[in-house]
There are 2 protein chains.
Amino acid sequence: MQSLTIGKVARLAGVGVETIRFYERQGLIAEPPRKESGYRQYPQQTVVRVRFIRRAKELGFTLKEINEMLYLRIDPNTTCEEIRVLAEAKKVDIEEKIRALQKIKEALVKLLATCEGRGPVSECPILDFLDQVES
Amino acid sequence: MQSLTIGKVARLAGVGVETIRFYERQGLIAEPPRKESGYRQYPQQTVVRVRFIRRAKELGFTLKEINEMLYLRIDPNTTCEEIRVLAEAKKVDIEEKIRALQKIKEALVKLLATCEGRGPVSECPILDFLDQVES
DNA sequence: CTTGACTCTGTAGTATAGTACGGACTTTAT
DNA sequence: ATAAAGTCCGTACTATACTACAGAGTCAAG
């Protein structure tokens with residue numbers, strides 16, 4: 001099995017070279033062996049690992065959480081349950097974010113309804129709202 | 001009309017003293033006059049301004065956008081329409097964020113449905129999903 | 001063999017929105 | 001009068017996730 005250079009890993013995983021090095025510094029991927037020249041030699045497996053990180057990020061996990069998952073995973077005592085708990089927590093997390101955004105949206109919609117977009121800025125109900133002294 | 005110290009403005013607006021100075025550096029609030037001692041002397045109006053900033057932030061505007069609104073506002077040629085456009089854009093913005101989060105949530109829900117939380121981590125369908133080589 | 005592409009290291013910068021600190025000075029309350 | 005609280009400034013640090021750069025060395029193709 002031949003090894004990959006950092007550039008190849010990056011291309012195969014769809015990220016930049018600097019991202020790979022960054023993940024290494026963060027402990028998300030192991031320090032690979034080097035050639036005499038100092039060039040990193042990655043096993044194919046690294047591409048899978050980087051893709052894992054990307055997908056997890058797309059699911060809203062932070063690098064810190066992903067790191068945790070990766071560590072859980074290599075521990076033979078970890079059960080599927082523990083991963084499930086993480087995913088469950090993330091779902092709750094995301095639901096909260098959605099709710100918060102929906103509230104904001106409703107406020108904006110209300111404001112937009114009161115503003116016809118006519119008249120000078122001094123009479124803009126949106127700014128008036130923002131100016132309210134009482135919450 | 002007596003003036004306020006930075007600490008009073010901060011308390012009245014519900015932020016920290018450092019935040020006021022930060023907003024000043026960012027050009028969100030004007031540099032106030034000083035006493036001979038160098039102490040800042042804020043007009044009451046500043047409290048309203050800081051609250052405006054806070055409320056706009058709660059509506060999802062960034063400081064940069066808020067700055068833009070504040071500048072629009074002091075320009076006598078600005079119409080209500082221009083503010084409305086900003087609010088409209090922000091609404092679209094937030095709707096997009098909500099949609100993105102909802103997608104993520106759906107993916108998580110699907111994953112959770114396939115995982116009973118039993119068995120070793122080596123058989124966890126969530127990790128399997130994250131491992132998929134093909135997108 | 002040369003040229004261009006790639007990689008190395010370490011440091012610094014990006015964006016966002018603040019927060020913290022140290023040492024000196026000022027104001028307020030007792 | 002003294003002590004506590006507040007304020008000054010400039011700088012540096014926080015978190016997140018990268019991205020950029022300089023200057024040197026290495027690798028692969030023609």
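First the proteins, then the strands, lettered A, B, ... as listed; each starts at 1.
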Expected rows: protein N/O vs nucleotides 4-8 of chain D N/O, under 3.5 Å:
residue: dG6(D); atom: N2; partner: Tyr39(B); partner atom: OH; Å: 2.1
residue: dG6(D); atom: N3; partner: Tyr39(B); partner atom: OH; Å: 3.0
residue: dT7(D); atom: OP1; partner: Thr5(B); partner atom: OG1; Å: 2.6
residue: dT7(D); atom: OP1; partner: Gly7(B); partner atom: N; Å: 2.9
residue: dT7(D); atom: OP2; partner: Gly7(B); partner atom: N; Å: 3.3
residue: dT7(D); atom: O4'; partner: Tyr39(B); partner atom: OH; Å: 3.3
residue: dC8(D); atom: OP1; partner: Arg40(B); partner atom: N; Å: 2.6
residue: dC8(D); atom: OP1; partner: Arg40(B); partner atom: NH1; Å: 3.1
residue: dC8(D); atom: OP2; partner: Arg21(B); partner atom: NH1; Å: 2.9
residue: dC8(D); atom: OP2; partner: Arg40(B); partner atom: NH1; Å: 3.0
residue: dC8(D); atom: O5'; partner: Arg40(B); partner atom: NH1; Å: 3.3
residue: dC8(D); atom: O3'; partner: Arg34(B); partner atom: NH1; Å: 3.4

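For Glu58(B), the salt bridge (Lys or Arg N to Asp or Glu O under 4.0 Å) criterion is met by no residue, not counting sequence neighbours. By the salt bridge (Lys or Arg N to Asp or Glu O under 4.0 Å) test, Arg54(A) pairs with no residue at all, sequence neighbours left out. In this structure, the salt bridge (Lys or Arg N to Asp or Glu O under 4.0 Å) partners of Glu18(B), at least two apart in sequence or on a different chain, are Arg21(B). Shown here are the side chain to side chain contact (heavy atoms under 4.5 Å, CB included) partners of Glu24(B), two or more places apart in sequence or in another chain: Ile29(B), Glu31(B), Pro32(B), Arg34(B), Arg40(B), Tyr42(B). The salt bridge (Lys or Arg N to Asp or Glu O under 4.0 Å) search around Glu82(A) returns none, not counting sequence neighbours. Every side-chain hydrogen bond (donor to acceptor under 3.5 Å, both in side chains) that Lys90(A) has, sequence neighbours left out, goes to Glu65(A). The side-chain hydrogen bond (donor to acceptor under 3.5 Å, both in side chains) search around Arg49(A) returns none, not counting sequence neighbours. Asp75(B) is linked by a side chain to side chain contact (heavy atoms under 4.5 Å, CB included) to Asn77(B), Thr78(B), counting only residues two or more places apart in sequence or in another chain.
In terms of position on DNA chain C, the residue among Lys57(B) and Glu36(B) whose nearest nucleotide sits closer to the 5' end is Lys57(B).
An OP1 or OP2 oxygen of dA17(D) is reached within less than 4.0 angstrom by no side-chain nitrogen or oxygen of Tyr23(A).
Nucleotide dC27(D) holds its C1' atom 7 Å from the NZ atom of Lys35(A), rounded to whole Å. One interatomic measurement links the two molecules: CZ of Arg25(A) to P of dA20(D), which rounds to 14 Å at whole-angstrom precision.
DNA chain C lies under 4.0 Å from no heavy atom of any residue of residues 58-67 of chain A.
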Taking only distance into account, with no hydrogens and no angle test, what donor-acceptor pairs under 3.5 Å do side-chain atoms of residues 104-118 of chain B form with protein atoms, sequence neighbours excluded?
residue: Thr114(B); atom: OG1; partner: Leu111(B); partner atom: O; Å: 2.7

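Among all heavy-atom pairs drawn from Leu63(B) and Ile53(B), the shortest one is CD2-CG2, 4.0 Å.
Where DNA chain C meets chain A (any atom under 4.0 Å from a heavy atom), the bounding nucleotides read 5' to 3' are dC6(C) to dT9(C).
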